[in-house]
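This report concerns only the one structure given below.
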Amino acid sequence: MLQIDKIKAFVELGKFLGQFFENSSSRNEGVLYNDTYFDAFTDLIALSQSHNGWYTKEQIYFAIQSWADALTEVNLTHWLATYDFNQIDSKTVGLILAGNIPLVGFHDFLSVLISGHSVLVKTSSNDQHLLPFLANYLMAVEPDLKSKITFIDGKLENFDAVIATGSNNTARYFEYYFKDKPSIIRKSRNSVAVLNGKETKEELIALGDDIFRYFGLGCRNVSKLFVPKSYDFTAFFEAIFEFQDVIHYEKYANNYDYNKAVFLMSNFKLLDNGFLTIKEDSSHASPISSVFYEFYDNLEEVENRLVADQDSIQCIVSNDLVKNSIPFGKTQKPELWDYADGIDTLSFLSKI
C-alpha cells in the first residue's frame, strides 16, 4: 500500500469529521460514504455520554473538530516530510489506549498505520466506540487497510512492539510485562502555566480553556500555576468566570464538593470562586476542580524546577516567559508533530 494512499485515506477521514459541529452539523455531499456513516456517527455522538459520563457533546465535538483540523493533506505531508518509511519491514504494533478524553489514542493509531505497520488495538473501557467507528470509515475509504487494523477485547498477544498508556502504577506493570519488546510506555503527566501578572484578560481566558477543557482530565490540561510572590489572583478569577457553567455538570460538581471538603477538613488554605479551588502546593497533579499554585522569586528558579521535573510535565504554558512553552489556549490543540511525552513516535516506529 503506497504512502500516498494512506495519506489520502486520512485526509478523507478529516473531511468526514469536518462535517460535525455541536450546533450546526451538516452533510457535505462531496464527502465519501456519507450515506453509510453520517447518520450513524451522529447517533454515536449522541450516545457517547451514556458510554462515558465525562464525554459530553461539547467535549466530543471539540475532539472531532481538532482532528478534522489536523487531518489535512498539508499537515500530513509536512509531518511526514522528514521520515523515510520506504524500507519499513511491516510489524504488528500493539496499542493499549487510555480513555480519559475522547480519541486520546488516535495519534498513536494514526502513527502506526501511516508508518506502514499493522495495528492491534486494545481500547480503554471508557472509550470503546469512537475509534473503532473511525477505523471502519477508513477501511471503507481504503479497503487495503482492513488487513492492517485489528481491535481486541482480551489479552494483547502476537505483536512485535507496543505503545501503552496508563497511570504510573500500570506503567510499572507494562514495563515488566513488555520488557522483551520494543515499547513506548506512557505514564501520568500534568501541564503547568507560568504567570508574571502581566497577562491580558484574553490570555487568562485562554488559560481557562487549558484548565477546563475535558473537565481537566487530560495530561495536557493545566493543573499547576507558577506565580510571582505577592501575585494577585483577582484578574485570574475574573477571567475564568467565563467557565462557570462547568459546575452545572453533575460529575464535575461532585468532584468539586468532595475535593473542597477534603481540603477544608485538612485545614488547607484555599481560594475558591464557587466552581474552582486553588491551593498552594508543590505538586503538579491537582484533583479535578482544583488547581495548585506555587510562588517563585525569579524565572531562573522556575526554569530549573521545570527541567528537574520534565519527566512529569506534558506542556508548559506561558507568555514566552520560559523555554519550550506554548501560548495560552493551545494545550488541547496540538499539531501532529507535537508528540506526547516528547517521544518521537514515528522515529520509534521507523526503527522497530
Side-chain angles (χ1 to χ4, degrees), residues 66 69-70 75 78-83 101 104 107-108 111 163 165 168 171 184-214 216-233 235-236 239-240 278-286 290-348:
S66 295
D69 292 341
N75 284 340
H78 175 74
W79 176 39
L80 300 171
T82 58
Y83 303 92
I101 66 174
V104 67
H107 192 277
D108 288 334
S111 297
I163 302 174
T165 304
N168 289 339
I184 295 175
I185 308 298
R186 299 210 174 99
K187 306 176 183 179
S188 299
R189 289 191 179 224
N190 296 92
S191 297
V192 305
V194 182
L195 309 181
N196 66 358
K198 298 179 181 179
E199 291 76 22
T200 66
K201 181 178 181 180
E202 290 71 26
E203 287 171 332
L204 292 176
I205 291 172
L207 173 59
D209 196 63
D210 294 327
I211 293 170
F212 292 104
R213 175 64 59 190
Y214 302 124
L217 290 166
C219 64
R220 298 182 69 90
N221 285 103
V222 169
S223 57
K224 172 71 173 284
L225 308 176
F226 287 94
V227 297
K229 286 188 174 177
S230 73
Y231 180 82
D232 184 351
F233 282 97
F236 169 77
I240 67 167
I278 61 174
K279 170 181 173 288
E280 186 174 2
D281 198 298
S282 61
S283 173
H284 299 310
S286 62
S290 180
V291 167
F292 291 160
Y293 67 91
E294 187 171 342
F295 292 115
Y296 65 83
D297 290 311
N298 57 72
L299 289 172
E300 182 180 1
E301 169 192 330
V302 179
E303 292 261 19
N304 293 336
R305 173 71 183 283
L306 295 176
V307 170
D309 294 348
Q310 60 184 322
D311 288 343
S312 62
I313 295 174
Q314 190 68 264
C315 301
I316 303 168
V317 182
S318 82
N319 193 5
D320 252 350
L321 296 178
V322 293
K323 296 176 183 176
N324 301 316
S325 63
I326 61 177
F328 297 104
K330 298 296 184 181
T331 62
Q332 299 298 345
K333 300 175 183 178
E335 304 288 355
L336 291 172
W337 44 90
D338 292 331
Y339 293 106
D341 300 3
I343 300 172
D344 187 328
T345 315
L346 288 187
S347 178
F348 165 79

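Numbering of residues begins at 1 and proceeds along the displayed sequence.
Using a 4.0 Å cut-off between charged side-chain N and carboxylate O, K224 and E294 make a salt bridge.
Separation of atoms OG (S282) and CZ (R305) is listed at 6.0 Å; rounding is to 0.5 Å. The CD1 atom of I185 sits 11.0 Å away from the CG atom of D341 when rounded to the nearest 0.5 Å. Atoms CD1 and CZ, from I343 and F348 in turn, are 9.0 Å apart once rounded to the nearest 0.5 Å. D69 CG to K333 NZ: the interatomic distance, rounded to the nearest 0.5 Å, is 8.5 Å. Note: T345 OG1 to L336 CG = 11.0 Å, rounded to the nearest 0.5 Å. Note that CH2 of W337 and CG of N75 are 4.5 Å apart. Values are rounded to the nearest 0.5 Å.
When each of V307, V192, V317, L306 is tested with V322 by the rule side-chain contact (heavy atoms from CB on, under 4.5 Å), just one qualifies, namely L306.
Closest heavy-atom contact between N221 and I211: ND2-O, 3.3 Å. Contact between C219 and S191 at its shortest, heavy atoms only, is O-OG, 2.8 Å. What you find for A285 and S223 is that their closest heavy atoms are CA-OG, 4.3 Å. Nearest heavy atoms, I316 versus K323: CD1-O, 4.3 Å. Here the closest non-hydrogen pair linking C315 and I313 is O-CG2, 3.5 Å. Residues S230 and F295 share a closest heavy-atom pair of N-CE2, 4.2 Å.
Under the rule for a side chain to side chain donor-acceptor pair (under 3.5 Å), S286 has no partner lying at least two apart in sequence or in another chain. In this structure, the ring pair (Phe, Tyr, Trp, His ring centres under 6.0 Å) partners of Y214, at least two apart in sequence or on a different chain, are F62.
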Under the side chain to side chain donor-acceptor pair (under 3.5 Å) rule, what do Q314 and N190 come out as? Steps first, then yes or no, please. CA-CA 5 Å; Q314 190 68 264; N190 296 92; over 6 Å; no
Residue pair L80, L346: steps toward the side-chain contact (heavy atoms from CB on, under 4.5 Å) verdict: CA-CA 9 Å; L80 300 171; L346 288 187; 3.6 Å; yes
Under the criterion side-chain contact (heavy atoms from CB on, under 4.5 Å), I'd like the reasoning laid out for L204 against F328: C-alpha separation, chi angles, the key distance, then a yes or no. CA-CA 7 Å; L204 292 176; F328 297 104; 5.6 Å; no
Step-by-step salt bridge (charged side-chain N to carboxylate O under 4.0 Å, His left out) determination, D108 to R186: CA-CA 12 Å; D108 288 334; R186 299 210 174 99; 2.6 Å; yes
Dump the intermediate steps for side-chain contact (heavy atoms from CB on, under 4.5 Å) on Y296 and L195, then the final yes or no. CA-CA 10 Å; Y296 65 83; L195 309 181; 5.9 Å; no
May I have the step-by-step check of side-chain contact (heavy atoms from CB on, under 4.5 Å) for F236 and L225, ending in yes or no? CA-CA 11 Å; F236 169 77; L225 308 176; 4.1 Å; yes
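Between the side chain of E203 and the backbone N or O of E199 there is no donor-acceptor pair closer than 3.5 Å. Side chain of D209 to backbone of G329: no donor-acceptor contact under 3.5 angstrom is found. In this structure, the side chain of R189 does not engage the main chain of R220 through any donor-acceptor pair within 3.5 Å. Under the 3.5 Å distance criterion, the side-chain polar atoms of D210 are left unmatched by any main-chain donor or acceptor of V222.
The 12-atom threshold is not exceeded at NZ of K187, counting heavy atoms of other residues, nucleotides or ligands nearer than 6.0 Å. Around atom CG of D309, more than 12 heavy atoms belonging to other residues, nucleotides or ligands sit under 6.0 Å away. The environment of N298 atom CG is dense: over 12 non-hydrogen atoms of other residues, nucleotides or ligands sit within 6.0 angstrom.
Two residues are said to be in side-chain contact when any heavy atoms from C-beta on lie closer than 4.5 Å; V194 and L299 meet this criterion. At least one side-chain heavy atom of I326 sits under 4.5 Å from a side-chain heavy atom of T331.
Taking the six-membered ring for Trp and thresholds of 30 and 60 degrees, H107 and Y339 have ring planes more than 60 degrees apart, a perpendicular arrangement.
When ring centroids are compared, F233 and Y293 come within the 6.0 Å threshold.
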